[in-house]
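Comments concern the structure below.
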Amino acid sequence: MQKPSIPKGTRDFTPLEMANRNYIFNTIKEVFRLYGFQQIETPAMENLSTLMGKYGEEGDKLLFKILNSGDYLASIDEQELTQRNSSKLTTKISEKGLRYDLTVPFARFVVQNRDKITFPFKRYQIQPVWRADRPQKGRYREFYQCDVDVVGSDSLLNELELIQIVDEVYRRLKINVCLKINNRKILSGIAEIIGQADKIIDITVAIDKMDKIGLEKVNEEIASKGISAVAIDKLQPILCLSGSNADKLNSLKSILAQSEIGLKGVEELEVILGLCERMNVQTRIELDLTLARGLNYYTGAIFEVKALDVEIGSITGGGRYDNLTGVFGMPGVSGVGISFGADRIYDVLNQLDLYPATRSEQTQLLFVCFGQEELNYCLPWLAVLRSKGVNVEVYPEPSKMKKQMSYADDKKIPFVAIVGESEMNQNKIMLKDMKSGMQEMKSMEELIEFMLLK
RNA sequence: GUGAUUAUAGCUCAGUCGGUUAGAGCGUCGGAUUGUGGUUCCGAAGGUCGCGGGUUCGAGCCCCGUUUUUCACCCCA
C-alpha cells in the first residue's frame with residue numbers, strides 16, 4: 001500500500017483550520033467591500049502565452065506548466081526530441097499554465113471584458129496561485145492571494161485608499177505591522193542621475209537586499225553587474241539616507257534635482273503621505289528606498305507590509321503599474337493594487353494565537369440517536385430548527401451513549417438533545433448544556449426560542 | 001539551480017558500543033459504566049525502521065546510491 005502524501009509545498013486544512021482561515025478571508029472581504037470593490041474570479045489555468053514574460057526570467061522558471069492532453073508528442077518530430085532542448089520543447093507540449101499571481105490574469109480579464117466593465121474598475125479577487133518555488137518557512141507552492149486593484153484611474157486617492165485598507169485589515173486582525181513605501185520613479189531617477197538608467201532592474205534588485213546583506217555586499221553586487229565605481233560612489237548618500245519620511249523626501253529633492261522623473265516620484269510620495277496624515281492612518285508608514293520589489297511591471301508607488309511580531313517575509317505587497325494592459329492590446333490604462341498573502345497572515349495569526357473566541361460555523365445542537373422510533377420522532381424537529389437557521393445535526397446511528405456524547409464533545413457542540421420514551425410521550429426533548437452539564441425538558445417552541453437566543 | 005538537514009506505529013518522538021522478540025506519549029478501538037461527554041483506571045490493535053545495494057557471524061545504527069522532509073541562498077506573498 002502506498003503512503004498517502006500531497007505535493008511538496010501544499011497543505012491540507014482541517015475544519016478547525018478552515019474556520020480560522022475563513023475568519024481571515026471574511027475580514028479582508030468586508031474591508032474590501034467598504035471601499036466599493038467587487039469580486040471577480042478567473043480560471044486556475046491561463047494560456048501560457050498570457051503568463052510568459054510578465055514576471056521576468058526568474059518568474060517564467062517558476063510557472064507550473066500543464067502538459068497538453070492526449071498524445072502530446074504527436075506533432076513533435078524525431079529531431080526535436082533528440083535535441084533535448086527542454087525550453088523549446090515545452091512550448092510545444094504545454095500550452096497552459098497555473099496562474100502565478102492575480103494581477104496579470106486581472107489585466108487579461110480587463111482587456112477581454114472591457115465591454116462589460118466601466119472605469120475606474122475596482123475589483124477584488126481571492127484565489128490560490130501556484131509557484132514552482134522551493135518551499136520553506138512562510139513559502140508555499142500553493143497559496144492564496146487577496147488582491148484589490150483599481151484600473152483606469154491615475155488619481156493618488158487610490159493609493160491612499162489602498163493604504164487605508166491595509167490599515168483597517170490589520171487593525172481588525174490585531175496584527176502589528178509596518179508599511180514600507182517607495183516609488184519606482186525615484187529609483188529610476190536615481191539610476192538616471194548616476195548615469196545608469198538602463199541598469200535600473202539590477203540596481204533595485206541589489207538594493208532590495210540592503211537590510212539582509214548590508215551596504216558592503218550590496219555595493220559588491222552592484223559592481224558585479226558592471227556599474228562603474230564612480231556611479232556607485234554617487235549611490236552611497238542615497239542608500240544611507242535617514243531621518244523622518246519628510247527629511248528623506250527633502251534630501252531626495254536636492255539629490256534628484258536634475259531628474260524630472262525622480263522629482264515626480266518624490267512629489268507623488270509627498271501627496272500620498274500627506275493624504276495619509278490627513279486621514280489619520282494609524283499604521284506606521286516608512287519611506288524605504290531599499291524597497292524595490294522584484295516584479296518588474298511596477299512604475300509608481302510600491303508598498304510592502306511586514307509583521308512586527310513574527311519573523312516572516314512580507315505579508316502584503318503591491319504598487320502602481322502604468323501599462324500592464326498594454327501587452328494585451330489596451331494601452332493607456334493605469335492601475336494600482338495590493339495583494340494580501342493569506343497564507344502568511346494565517347501563519348502569523350497561528351503563531352500569535354490571535355483568533356477570536358466565537359465560532360459561528362459549528363453545529364449548535366446534536367440530537368442523540370437511540371433507535372429507529374426515536375429517529376423518526378427527531379427528524380421533523382431537525383427540519384424545523386434548520387428552517388429557523390439553527391445549525392443542528394443528528395447522530396446517524398444508534399451507537400452507545402458514550403460514543404455519541406464524545407462526538408459532541410470533540411466537535412465542541414454546545415448543546416445535546418436527548419430523546420427517549422418519556423420525552424416522546426410528553427412531546428418534548430431533553431436539552432443538555434454540555435458546558436454546565438445541566439439539563440431541562442423543552443417543547444419545540446421553547447427549544448426554538450432558546451436556540452435562537454444563543 | 002546551489003548548500004545543509006531529516007526520515008522509526010495514524011501523529012510527536014526515544015532507541016546506549018553494531019548484539020536476543022524495536023519502545024513511549026498522544027490518538028484509535030474495547031472494557032470498568034446498557035439514558036449521559038470531559039477526568040481516572042485496565043486492555044487491545046497498530047512496524048517492510050523511506051527505498052535499493054554493500055560491509056558484517058549479526059545492521060534501525062556503519063558505507064554508497066536514490067527518494068523524501070525541513071532550512072538557508074536566489075526570488076517572492
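Below, read A as the first sequence line, B as the second, and so on, with proteins coming before strands; counting in each chain starts at 1.
- Nucleotides B/C49 and B/A22 have their P atoms positioned 10 Å apart, rounded to a whole Å.
- Aromatic ring pairs are classed by plane angle as parallel below 30°, tilted from 30° to 60° and perpendicular above 60°; the pair A/Y346 and A/F13 is perpendicular.
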Give the intermediate values and the outcome of side-chain contact (heavy atoms from CB on, under 4.5 Å) for residues A/F415 and A/V390.
CA-CA 12 Å; A/F415 296 99; A/V390 180; over 6 Å; no

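- Residue A/R11 contributes atom CZ, which lies 12 Å from atom C1' of B/A77 at whole-angstrom precision.
- Between A/Y144 atom OH and B/A77 atom C1' the separation is 15 Å, expressed in whole Å.
- When each of A/K137 and A/D433 is assigned the nucleotide of RNA chain B bearing its nearest heavy atom, the one mapping closer to the 5' terminus is A/D433.
- With B/G35, B/C76, B/G30 as the candidates, the nucleotide lying closest to the side chain of A/R139 is B/C76.
- Between A/R320 and A/S153, the shortest heavy-atom contact is NH1-O, 3.1 Å.
- Within the structure, every side-chain polar atom (N or O) of A/K412 is placed at least 4.0 Å from both OP1 and OP2 of B/G37.
- Dashed line: the shortest gap from a side-chain N or O of A/K403 to OP1 or OP2 of B/C29 is under 4.0 Å.
- Not one side-chain nitrogen or oxygen of A/Q145 sits closer than 4.0 Å to the OP1 or OP2 atom of B/A77.
- Looking at heavy-atom distances under 4.0 Å, A/D133 makes contact with a base.
- For A/Q439 and B/U36, a side-chain-to-base donor-acceptor distance below 3.5 Å is present, hydrogens and geometry of angles not being considered.
- Here the C1' atom of nucleotide B/A77 and the CD atom of A/Q125 are 15 Å apart, to the nearest Å.
- Within 4.0 Å of A/I418, counting heavy atoms only, lies at least one base atom of the nucleic acid.
- Ring orientation note: the planes of A/Y23 and A/Y355 are nearly perpendicular, at an angle over 60° on the 30°/60° scale.
- Computed from coordinates, the A/K61 NZ to B/C73 C1' distance equals 14 Å when rounded to whole Å.
- Between A/F340 and B/A77, no base-stacking contact is recorded for ring centres under 5.5 Å apart and planes less than 30° from parallel.
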Could you give me the CA-CA distance, side-chain angles and deciding distance for A/F37 and A/Y124, then say whether ring pair (Phe, Tyr, Trp, His ring centres under 6.0 Å) is met?
CA-CA 6 Å; A/F37 289 86; A/Y124 76 89; 7.8 Å; no

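- Residue A/E421 is classed as a base contact, given a heavy-atom separation below 4.0 Å to a base.
- For the pair A/D347 CG and B/C76 P, the interatomic distance rounds to 20 Å; values are reported in whole Å.
- Annotation: B/U16 and B/U33 have their P atoms spaced 43 Å apart (nearest Å).
- Toward the 5' end of RNA chain B, the nearer of the two residues A/S339 and A/V419, judged by each one's closest nucleotide, is A/V419.
- Residue-level contact check: A/G437 touches the bases, meaning some heavy atom is under 4.0 Å from a base atom.
- In this structure, A/Y297 places its OH atom 10 Å from P of B/C76, rounding to the nearest Å.
- Rounded to an integer number of Å, the gap from CG of A/L62 to P of B/A77 is 11 Å.
- The interatomic distance linking A/E440 (CD) with B/G35 (P) rounds to 23 Å, in whole Å.
- Checked by distance alone, A/R134 brings a side-chain donor or acceptor within 3.5 Å of a matching partner on the base of B/U2.
- Residue side chain A/K432 reaches the base of B/U36 through a donor-acceptor N/O pair under 3.5 Å, judged by distance alone.
- Between the side chain of A/E423 and the base of B/G35, at least one donor-acceptor pair of N or O atoms lies under 3.5 Å.
- The listed nucleotides are B/G31, B/C73, B/U69; the one nearest the side chain of A/K8 is B/U69.
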Are A/Y407 and A/Y395 close enough, and set up right, to give a ring pair (Phe, Tyr, Trp, His ring centres under 6.0 Å), and what steps lead you there?
CA-CA 9 Å; A/Y407 175 82; A/Y395 199 87; 5.2 Å; yes

